[in-house]
Amino acid sequence: MKQGVQKFGKFLSAMVMPNIGAFIAWGFITALFIADGWIPNAGLASIQPYMLYYLLPILIAGQAGKLVAGERGRIMGAIAVMGCIAGVGGTSGQPMLMGAMVIGPFAGWVIKKFDEAVDGHMPAGFEMLINNFLVGILGMLVAIIGYYLIGPVMSAILTVLAAGVGFLINHSLLPLAAIFIEPAKVLFLNNAINQGIFTPIGADQAATAGRSIMYMLEANPGPGLGVLLAYWFFSKDKMTRDSAPGAVIIHLFGGIHEIYFPYILMNPIVIIAPIVGNIAAIFWFTLMDCGLKGPASPGSLIAFMLMCPKEKMIPTLIGIVLAAGVSFVIAIPIVRMAGERSLDDAQKKMSEMKAESKGLDLSEGAKNLSEIKKIVFACDAGMGSSAMGATKFRNRLKASRPDLIVINTSVDNIPSDCDIAVVQTTLQERAKASAPQAQLVTIGNFLADPNLDDLFLQLTTGDAVVTQETAAEIANPEQGSGKSDVLQADGIALNLTPVSKEEAIRAAGELLVKQGCVEPAYVDAMLDREKLVTTYMGMGLAIPHGTTQAKNTVKKTGIVFTQYPEGVDFDGEKAQLVIGIAGVGDEHLELLSKICEALEDEEVLEKLKTTNDIDFILKTLS
């Protein structure tokens, strides 16, 4: 049922989200040029009603028709909605945004069914004539249905909804809407609620009153801000605490509310905080007769204030601060009681939301590394958190894997050529249905998620690093721990003369043997691994390691650093640094992350290739 509701909500928001720029333009014209705007101008203000009553419904209906039947559906939807608009009196009636959401998909469905019926039955040479007349005739008929039926019915429904909202406001009950809004947001229904429900009602109110409180109910960044601040200052888990500041910036100024959802999912009782915070804010906005002139999308502080009437700037800002403050105070004891519960822990404990495997599976039967070309980050709408995640991961990969394509999209529109789909845990079922061919990597946090770290390491090193959790390690967990044990001074060899790739790999392997990390057979496994896919990462760095089958030859975690200032030929690429690795558990991952970070600093990387200072290497990579 949840999946069905999410899909329906996604379809609603998918009609509106691509047209948000037009809504913002309409909001700016309203805020700036109407009689009580920032710079009143009667001539320019006259643009506003045409955009609201004609442009926005046509864009929504066209997009809705396109979702159902492609370009022909888009034309059908645009034609049909004109019937709805005329049926309620054009600019003298109500904005037909909700009418567009009904007649657009219906028009697309009509042309899709007729196209299927006539497919293969058209005489040769008459295809264009029949296709064009089919759209014209059917578009006219659906527009007539819109004029007599859909437009008046949707107008009546909108009148009832608006009256209901007025009743809630007059009886101080509107704040209770937060009880449903905040949990629905965490279930990734935020776009459906805002663009699918509140925006059409808000547009109707703004057309008559100049502003609407409906635009403020879901988009207020205050409630989520309070939760993130509580985790920043009071979480006992270091990873969670360290990730919160970045999340605060993205949430407050970027308007991507999805960023705080994992912080609630890891400790669901904390949902009380944003609910009460939003209740307080809505009550304040109602009391002060606040409202926005257009939708604040995305829901950032910047968008919120830009859509605010000038006489309501201070009360609106107070409402955001009030929501954040109340949410923060309520979240503090809940976050404290959670102890050291982390985002990663939450993913593991919520088994129904967890991926079938952690990170990218390169085992037998899975995609080979050489087959992976496209990685897709997907969220509910495909415009917020997924865009941020794709940008961050693309920048992270560009130094070592510029060949990979990293894009973002909505979870229901993952392309058929996607090899790896990165999605939030709550959206994994929809991702499987959308892209059954892709391997899924599920995450809880776009800023600091261990599955993203695993994916990065596996994509850049060739496959999962050999690991083995031995009985001795379980019995004596402190054995082999500590970064200083992983890379040691006698595991660093500098200023080596050029040799062949095989000799360089063997030299690194023999250093691992000398360190007591692996058995001699592991060296041959490193050479076997190189035959599968090169371990050259780019930027003059290679990280050879053994095959999965050689895990029984690993004694303890070790990393060795060999330097060839003149370079070793790795199939046409010059590797000045050849770093051999073998791992027990996850002890090597932090050091590998530091090596990858060094790639981003060209000065540090170049010094690593030529330095004689072993202490500098240990300090940089430990």
Side-chain angles (χ1 to χ4, degrees), residues 362 453-454 457-458 460-496 499 501-537 541-564 568 570 575-598 608 614-622:
L362 294 176
D453 294 334
D454 290 347
L457 289 173
Q458 292 174 57
T460 52
T461 62
D463 62 8
V465 178
V466 174
T467 63
Q468 180 185 24
E469 189 172 0
T470 63
E473 180 191 9
I474 297 173
N476 186 16
E478 69 273 7
Q479 179 180 347
S481 62
K483 289 177 286 186
S484 60
D485 293 333
V486 178
L487 178 63
Q488 300 180 14
D490 57 0
I492 298 175
L494 304 178
N495 290 314
L496 301 177
V499 293
K501 175 178 71 171
E502 291 74 18
E503 289 173 315
I505 294 173
R506 185 170 293 280
E510 289 173 352
L511 261 182
L512 287 170
V513 174
K514 185 177 179 181
Q515 294 273 95
C517 301
V518 298
E519 296 175 4
Y522 186 78
V523 180
D524 292 330
M526 293 174 72
L527 292 169
D528 291 338
R529 169 62 188 81
E530 189 67 26
K531 294 176 183 178
L532 298 176
V533 180
T534 182
T535 55
Y536 179 78
M537 293 179 60
L541 173 65
I543 305 183
H545 52 278
T547 61
T548 304
Q549 291 73 22
K551 64 182 181 181
N552 59 336
T553 64
V554 179
K555 298 179 180 179
K556 67 176 184 178
T557 294
I559 294 184
V560 296
F561 182 100
T562 60
Q563 178 200 79
Y564 297 85
V568 172
F570 269 70
Q576 288 86 22
L577 302 177
V578 180
I579 301 176
I581 56 176
V584 174
D586 291 336
E587 294 172 344
H588 57 287
L589 295 183
E590 185 173 354
L591 186 52
L592 276 178
S593 295
K594 284 191 171 290
I595 294 171
C596 293
E597 288 175 9
L608 287 173
I614 291 179
D615 290 336
F616 169 77
I617 296 172
L618 290 171
K619 182 179 179 181
T620 302
L621 301 180
S622 300

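- Here Glu519 pairs with Thr553, Lys555 under the side chain to side chain contact (heavy atoms under 4.5 Å, CB included) rule; sequence neighbours left out.
- To the nearest 0.5 Å, atoms CG (Leu541) and CD1 (Ile579) are separated by 5.0 Å.
- Residues satisfying the side chain to side chain contact (heavy atoms under 4.5 Å, CB included) criterion with Val560, sequence neighbours excluded, are Ala508, Leu511, Leu512, Gln515.
- Rounding to the nearest 0.5 Å places CD1 of Ile492 at 5.5 Å from CD1 of Ile614.
- Closest approach of Ile581 and Ile543 over heavy atoms only: CD1-CG2, 3.5 Å.
- Taking both residues in full, the closest heavy atoms of Arg506 and Asp524 are given as NH2-OD1, 3.4 Å, listed atom of the first, atom of the second, then distance.
- A distance of 5.0 Å separates CG of Leu608 from CZ of Phe616, quoted to the nearest 0.5 Å.
- The CG atom of Asn495 sits 12.0 Å away from the OG1 atom of Thr562 when rounded to the nearest 0.5 Å.
- Inter-residue side-chain proximity for Val513 and Tyr522 is flagged as unmet; no heavy-atom pair is nearer than 4.5 Å.
- Taking Glu503 as the reference, Ser500 meet the side chain to side chain donor-acceptor pair (under 3.5 Å) condition, with sequence neighbours excluded.
- Residue Val518 comes nearest to Ala582 through the heavy atom pair CG1-CB, 3.6 Å, listed as atom of the first residue, atom of the second, then distance.
- Residues Tyr564 and Ala504 approach most closely at OH-CA, 3.7 Å, considering heavy atoms.
- Residues Leu496 and Gln563 have side chains not in contact (no heavy-atom distance under 4.5 Å, counting atoms from C-beta outward).
- Heavy atoms only, all atoms of each residue included: Ile505 and Met526 are closest at CG2-CB, 3.8 Å.
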